[in-house]
Every structure is written in structure tokens, then in C-alpha cells.
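What follows is one structure encoded as C-alpha cells, with my remarks underneath.
We name chains A, B, ... by the order of the sequence lines, and we start the count at 1 in each one.
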Amino acid sequence: MPDAPVITRFAPSPTGHLHIGGVRTALFCWAFARGHGGRFVLRIEDTDQKRSSEDAARGILEDLAWLGIGWDDGPELGGIGGDARGIGPYYQAQRLEIYQRFLDRMLETGLAYPAFETGDELAAMRAAAQGRKETFCYRRRADYDRGAALAEMRRREAAGEPFVVRFRMPGEPVRVADTVLGDIDFDEQHTDDFVLRKADGYPTYHFAVVIDDELMGVTHVLRGQEHLNNTPRHVALQHALTHEDGTPFRTPVYAHLPLIFNSDGSKMSKRDKDKAVRRVALADDSSKGVAADLVGRGEFDAWQADKTRQLPPEKLHALAVVFSLELPEIDVEDFRRSGYLPPVLCNYLALLGWNPGMKNADGTDLDRFDMAFLCEHFAIERIGKSNSKFDRDKLAAFNQSAIAAMAPGDFAGVLRAWCERYDAGLLTELGDRFGLGAAAIQPRVKTLSQCREPIAFALIADEAVVFDEQAVKKALHKGEPSGLAVLADFRDTLAGVDPFEPAPIEEAVKAFCEGRGLGMGKIAQPLRVAVTGGTVSPGLGDTLALVGKSGVLARIDRCLRECAG
RNA sequence: GGCCCCGUCGUCUAGCCAGGUCUAGGACACCAGGUUUUCAUCCUGGUAACACGGGUUCGAAUCCCGUCGGGGUCACCA
């Protein structure tokens with residue numbers, strides 16, 4: 001079946017924001033389907049009633065859309081998705097009747113059976129096994145009475161009393177053929193009679209995933225290696241299940257992806273953000289007081305007492321601001337807020353556990369590519385086996401060079417969109433100087449969230465400029481003629497520049513230098529100090545134009561007055 | 001602990017499947033120079049790795065075994 005259409009799927013559970021590891025999985029699934037002219041399915045695995053939320057599901061859809069990872073079949077979002085193949089719905093909570101149909105047949109044929117232990121009883125069984133230094137593995141008792149169990153199930157159904165349905169695990173070893181890892185044999189002794197239907201009537205992950213993948217025609221399953229140990233369950237289920245007409249289920253091609261970790265080797269977790277805040281907020285009594293006021297006493301106490309408890313994102317961000325702390329980026333939303341470009345994020349993520357294995361013309365390895373390239377060249381065969389650590393410096397370097405390579409107009413558009421979402425204040429502060437500001441920012445930032453720093457001098461009042469002592473000494477007082485003298489000399493020339501824009505300003509500076517036989521630094525640095533307070537700023541033309549003629553002259557005059565001597 | 005996976009520069013990796021061309025290549029980070037009106041860029045150069053021990057072989061980063069190390073998983077979560 002060389003020409004069988006490829007169908008991949010990404011199936012997140014909507015229990016929070018989309019995690020960066022999930023993005024890579026989605027990206028690979030998407031690229032593989034695209035590159036093979038297949039389809040990419042997005043399915044929401046919301047079978048955990050307690051933890052799932054519609055908001056989270058929606059957030060995940062938006063995150064994927066922002067990244068440029070569109071799905072062919074799945075929930076609709078602004079023209080993405082839909083049910084063209086008629087295989088929906090794509091929320092598992094809406095597919096309960098489907099699972100029940102298969103379950104009823106399994107119950108009839110003895111492939112599945114009801115079980116009545118309570119949670120406490122199971123816990124006791126586990127404890128007992130542990131006491132014997134054995135791994136607990138649920139198995140149907142040898143003297144299990146199927147007729148009686150079925151009768152008890154019916155009674156409980158009628159009475160509304162809880163029970164679960166388990167899979168009767170066939171007593172044979174399972175071989176998982178993994179495209180990345182190779183063939184892996186699993187002993188049947190370690191695979192238990194796992195639950196198919198929970199007491200609340202919802203299917204477990206194992207059951208739903210096998211049914212849905214088959215019904216949705218999924219041919220290739222790419223997922224994280226944390227699922228490797230689940231795979232024998234899924235394969236066993238596939239071997240056991242048939243459609244109503246007797247057609248057996250198929251086993252998709254599996255490819256288990258290596259995991260992504262933090263740079264310190266710890267697992268990347270949503271809790272990392274709480275961890276970072278905890279470190280400073282709980283450092284001493286005064287910081288605790290500040291944090292408690294901000295969070296609210298009750299919630300703060302609970303959060304302090306329980307290390308696994310998470311604060312809502314807005315409170316975490318508020319605390320981060322108060323303690324001037326940079327929160328680690330974990331979710332897509334975090335990276336978006338920090339100002340990474342979607343294609344860069346995807347490019348970097350794709351390099352974690354995969355690489356195209358190609359060279360550039362200069363002999364270096366090809367590692368910068370766009371989404372189209374990824375689709376064209378992504379191959380399961382080139383997925384690595386070992387876990388990797390997430391390197392923010394490298395991501396930032398990629399982001400910086402991508403920003404620098406953009407057309408100025410494109411960058412201004414991207415920056416404006418980012419500001420509208422995260423820093424509307426900058427838009428109003430800059431007003432019609434926005435284009436000038438963007439030009440000054442573009443070559444100097446790694447991420448969009450750093451946009452204020454290079455132009456901070458232009459965002460303060462003329463009187464608020466603080467002339468740095470060291471800078472004044474070095475640029476204004478030293479040398480002959482002194483910077484101060486050159487500045488005073490140049491002041492009126494500058495006043496005559498019109499229009500007061502980068503190019504004419506630069507020309508005026510150059511002409512002045514040539515006329516006086518001075519090096520550029522002799523005037524550039526005094527100007528910088530006078531206008532920005534320090535010796536570091538964007539190009540002179542940009543710097544001065546950004547402050548504006550009246551501001552520049554006011555700052556120079558004040559500098560001449562206050563720094564004389 | 002049981003089961004399972006993995007192990008090349010600090011990090012991501014190429015090379016491994018089809019052993020020699022590997023005095024192990026690239027990227028990020030770091031260090032040193034250079035260009036530039038400062039910064040940021042940009043350019044040049046440098047430091048830095050086949051986990052260890054046994055085999056197999058004329059020859060092993062590449063094949064086999066063991067040790068050690070790292071990770072995953074052992075739910076009515078996914």
C-alpha cells in the first residue's frame with residue numbers, strides 16, 4: 001500500500017494551555033501529512049470530566065492556528081478544520097455512544113467484563129503487591145463468574161451504582177513495531193486488564209484513542225515517548241477489535257518521539273512558572289507579605305503549603321512584574337508573549353529530535369528553514385532516539401536573525417500586532433513615531449518583548465534624561481576640543497536640519513565632521529550623551545529623529561547647562 | 001523496585017543502519033581579534049565530545065556483550 005493516503009492526528013487533552021512539547025508533536029504530525037498529500041486530524045481528548053475545559057480546548061486551537069499548524073479535520077476555527085470526511089465529532093465527550101457500541105459487543109463476546117472494586121480496594125491491592133515487592137497488575141480472578149458479573153452490572157446500571165468495564169488482556173506477548181525505536185517486545189505479564197470505561201461512563205484514554213484512530217483512518221501515530229509503554233495496550237486492543245461487519249482494526253505505524261527537557265534536565269512542566277515565582281516570593285517575610293496581598297490571603301496560604309498547587313496565569317504574571325522576574329516560557333502563549341515568531345519557534349522545535357541532514361552551499365549544516373521546507377523534507381526515518389534539552393539561547397539567536405532578516409515594513413507590522421496584544425501603551429507613547437521606533441528596534445532585539453529597551457530614551461520626558469556620570473566624563477569632558485565644546489558648536493547646525501529625519505541628520509553630522517576635520521566619534525558620542533544620557537543608542541539619525549528636533553535641542557541645551565564644568 | 005527507551009563538544013546535532021575518506025563536521029553559547037559614530041550586526045580565528053570496559057576485525061564513533069549513567073512508565077490522567 002505505497003500510495004495509501006497518510007492520515008495523522010494530534011490529540012491533546014484540554015486541561016491547560018498547549019505545551020511546547022505538544023507543539024513539536026503537532027508540528028511533526030502536520031508536516032508529515034502535508035508532505036505526503038495526506039490529512040491532519042485534530043481531536044480533543046476531553047474524557048477527563050474533572051480536568052477538561054472548553055476554554056482550554058479553544059486556547060489550544062488558537063495556539064495551533066497562530067503557529068501556522070492548520071488541521072484538515074477537526075473543530076472549526078476561523079475557516080480551519082471542519083468535518084469534510086464526516087468522521088466527527090472531534091470532541092471525545094461527544095462520541096460516547098460510539099464507544100458504548102463497541103463496548104457492548106466486547107461485553108457480549110467476553111472481550112470485556114465489568115469489575116466492581118472500589119478505589120480503596122484497588123489501593124489496598126496495590127499496597128499488598130508492593131509489600132511482596134511485586135508490581136501490581138490487575139487480573140481477572142480464575143474463579144470469575146461471568147454470568148454473575150454481568151447480572152451485577154445490570155443491577156448496578158438500573159440502580160445507578162458505579163462500576164467499571166475492563167479489557168480482558170489476551171495472555172500473549174505484544175510486539176510493537178516502532179519506526180523510530182525499532183521492534184520492542186512486551187511481556188504479557190506486565191500488561192493488566194486495564195479499564196475501558198470509567199465509572200462515570202466515559203471511556204479511558206486507551207479505549208477512546210484506539211476506537212477514534214481507527215474510525216478516523218489514522219495511518220501514522222507520532223507521539224511522545226511517554227506513551228511507549230501504553231502502546232502494547234493499544235495494539236492488543238487493535239488485535240481484539242473488529243468493526244460491526246467483522247473487518248478487523250488495523251495497527252497504525254507508530255513513531256515515538258524523544259522527550260524535551262529543561263536545560264537543567266528537569267522535565268518541562270507547567271509548574272515551572274510557579275516554581276520560579278516561589279523562589280523569590282517565599283524568600284523572606286517581606287516578599288511573602290507582598291505576594292499574599294497580591295494573590296489574596298487564602299489562596300496564597302494554600303499555594304505556599306502545597307508545592308503542586310498552581311496560581312492562575314494572570315496572578316503569576318502580576319507577581320513576576322512585582323518581583324521583576326522573568327517567567328520561564330512553557331506554553332505557546334508564553335512564547336507568544338515573549339515575542340518569538342511562529343515560524344522560528346517551529347523551526348527550532350523541529351530541530352529537537354529531528355534534522356534535515358542537508359548542507360548549505362558553504363558546507364555548513366542546513367538548520368534554518370521555513371514551514372514549506374519542513375513539510376517537504378520531514379521524514380520519520382530521521383527522527384532521533386535520545387531526549388533533548390530546550391536551549392532558550394539558541395531559540396533566541398534564531399529569532400534574532402529572523403527578525404533582522406525581515407523587510408522593515410513586515411517587521412513593523414509584526415511588532416504592531418504584538419504591541420496591540422501585549423503592550424498597547426507603547427503604541428500610544430510612540431504615536432506617529434512608530435515606524436522610526438521599529439526601525440531602531442529591529443536590529444537590536446532577540447524577542448519582541450525587548451522592544452522598549454533600545455528606544456527607552458525616546459519614551460521619557462526631556463527633563464527625565466539622566467546624564468550618566470561616567471559617560472559625561474568620557475564623552476563630554478575629555479579630549480581637545482572637549483565633547484561639550486563640539487556639542488555647543490554643532491547645536492545650531494542641527495537646529496537648521498529640515499526635515500528632521502534620519503538621513504538628513506546623518507548628512508548634517510557627516511558634513512560637520514568633514515568641515516571641522518573631526519572623526520565621527522567626536523560628535524556622535526557627545527550627542528548621544530546629551531540626548532539619551534548614555535553612550536549607547538541606535539544609529540545617530542534614528543536616535544535623534546526619534547526624540548524629535550525640539551526634544552533634541554532641549555536635551556542638548558540642558559546638557560550644556562548641567563554638565564559644564 | 002519491575003518493565004521499557006536512550007547515551008558524539010556545555011547544549012542541539014551530522015556521521016552509525018551498508019566499519020577505513022573522522023587528525024569526528026555544523027549550529028547555539030563561550031573566548032580572542034577585526035569592521036562600524038556607540039550598541040546591535042557582520043567577518044576571522046579559538047576552546048570543546050565518540051560514557052566506561054571487554055570482544056569481533058587488518059581496521060570500530062560506527063557491529064556484539066557487559067558496566068555505569070540518564071530518562072520514561074507502572075491510575076477509573078491523558
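Taking atom P on both nucleotides, rU44(B) is separated from rU35(B) by 15 Å, rounded to a whole Å. As rounded to the nearest Å, rU21(B) and rG25(B) have C1' atoms that lie 13 Å from one another.
Distances shown here put every side-chain N or O of Lys385(A) at or beyond 4.0 Å from the OP1 or OP2 atom of rC17(B). Listed pair Arg233(A) / rC3(B) fails the phosphate criterion, with no side-chain N or O lying under 4.0 Å from OP1 or OP2. For Arg126(A), a side-chain nitrogen or oxygen approaches OP1 or OP2 of rC76(B) to under 4.0 Å. Between Arg368(A) and the phosphate of rG26(B), there is no side-chain N or O to OP1/OP2 separation shorter than 4.0 Å. Using a 4.0 Å cut-off, no side-chain N or O of Thr47(A) falls inside it from OP1 or OP2 of rC77(B). Side-chain N/O atoms of Arg197(A) include none lying less than 4.0 angstrom from OP1 or OP2 on rC76(B). Not one side-chain nitrogen or oxygen of Gln130(A) sits closer than 4.0 Å to the OP1 or OP2 atom of rG1(B).
When the nearest nucleotides of RNA chain B are assigned to Leu540(A) and Leu366(A) by heavy-atom distance, the more 5′-ward of the two goes with Leu366(A).
Atom CG of Asp48(A) is separated from atom P of rA75(B) by 16 Å (rounded to the nearest Å). Between the CG atom of Asp542(A) and the C1' atom of rU37(B) there is a distance of 13 Å, given to the nearest Å. In this structure, CH2 of Trp354(A) is placed 20 Å from P of rG26(B), rounded to the nearest angstrom. Rounded to an integer number of Å, the gap from His19(A) NE2 to rA78(B) P is 18 Å. Spacing between atom CG of Asn229(A) and atom P of rC6(B) amounts to 12 Å, rounded to whole angstrom units. As rounded to whole Å, 12 Å separates atom P of rU13(B) from atom CZ of Phe398(A). In this entry the distance linking CD of Glu226(A) with C1' of rC3(B) reads 17 Å, nearest Å. The CD1 atom of Ile184(A) sits 13 Å away from the C1' atom of rU73(B) (whole-angstrom rounding).
Contact annotation for Glu381(A): no contact, since no heavy-atom pair falls under 4.0 Å across all strands. Note on Pro258(A): nothing from the nucleic acid sits closer than 4.0 angstrom, heavy atoms only. Here His256(A) lies out of heavy-atom contact (under 4.0 Å) with every strand. Within 4.0 Å (heavy atoms only), Lys133(A) reaches no atom of the nucleic acid at all. Contact annotation for Arg43(A): no contact, since no heavy-atom pair falls under 4.0 Å across all strands. Residue Asn360(A) is out of contact with every strand shown, counting any heavy-atom pair closer than 4.0 Å.
Between the base of rA29(B) and the side chain of Asp391(A) there is no donor-acceptor pair shorter than 3.5 Å. Scanning atom types as modelled, no donor and acceptor separated by under 3.5 angstrom connect the side chain of Asp367(A) and the base of rG26(B). Side-chain to base pairing of Lys394(A) with rC12(B): one donor and one acceptor N or O lie within less than 3.5 Å of each other. Between the base of rU37(B) and the side chain of Arg528(A) there is a donor-acceptor pair shorter than 3.5 Å.
A donor and an acceptor atom, one from each side chain of Thr364(A) and Asp362(A), are located under 3.5 Å apart. In this structure, a donor-acceptor pair under 3.5 Å is absent between the side chains of Arg444(A) and Gln450(A). For the residue pair Thr231(A) / His256(A), a side-chain donor-acceptor distance below 3.5 Å is found, with atom types taken as modelled.
Salt bridge annotation for Asp365(A)-Lys359(A): present, with a cationic side-chain nitrogen under 4.0 angstrom from a carboxylate oxygen. Taking the charged nitrogens against the carboxylate oxygens, Lys510(A) and Glu507(A) have no contact shorter than 4.0 Å, which rules out a salt bridge.
Across all their heavy atoms, Leu544(A) and Phe500(A) have their closest contact at O-CE2, 3.3 Å.
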Extract all donor-acceptor atom pairs below 3.5 Å that involve side chains of residues 381-388 of chain A and protein atoms in other chains or at least two apart in sequence.
{"from": "Arg382(A)", "atom 1": "NE", "to": "Asn355(A)", "atom 2": "O", "distance (Å)": "2.9"}
{"from": "Arg382(A)", "atom 1": "NH2", "to": "Asn355(A)", "atom 2": "OD1", "distance (Å)": "3.2"}
{"from": "Asn387(A)", "atom 1": "OD1", "to": "Leu259(A)", "atom 2": "N", "distance (Å)": "2.8"}

Once base and sugar-phosphate atoms are separated, protein heavy atoms under 4.0 Å mark nucleotides 60-68 of chain B, 5' to 3', with B, S and - as ---------
Given protein heavy atoms under 4.0 Å, the one-letter contact record of nucleotides 44-49 of chain B, with B base, S sugar-phosphate only and - none, is simply ------
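Once rounded to the nearest 0.5 Å, the distance linking CG of Asp274(A) with CD of Gln310(A) reads 5.0 Å.
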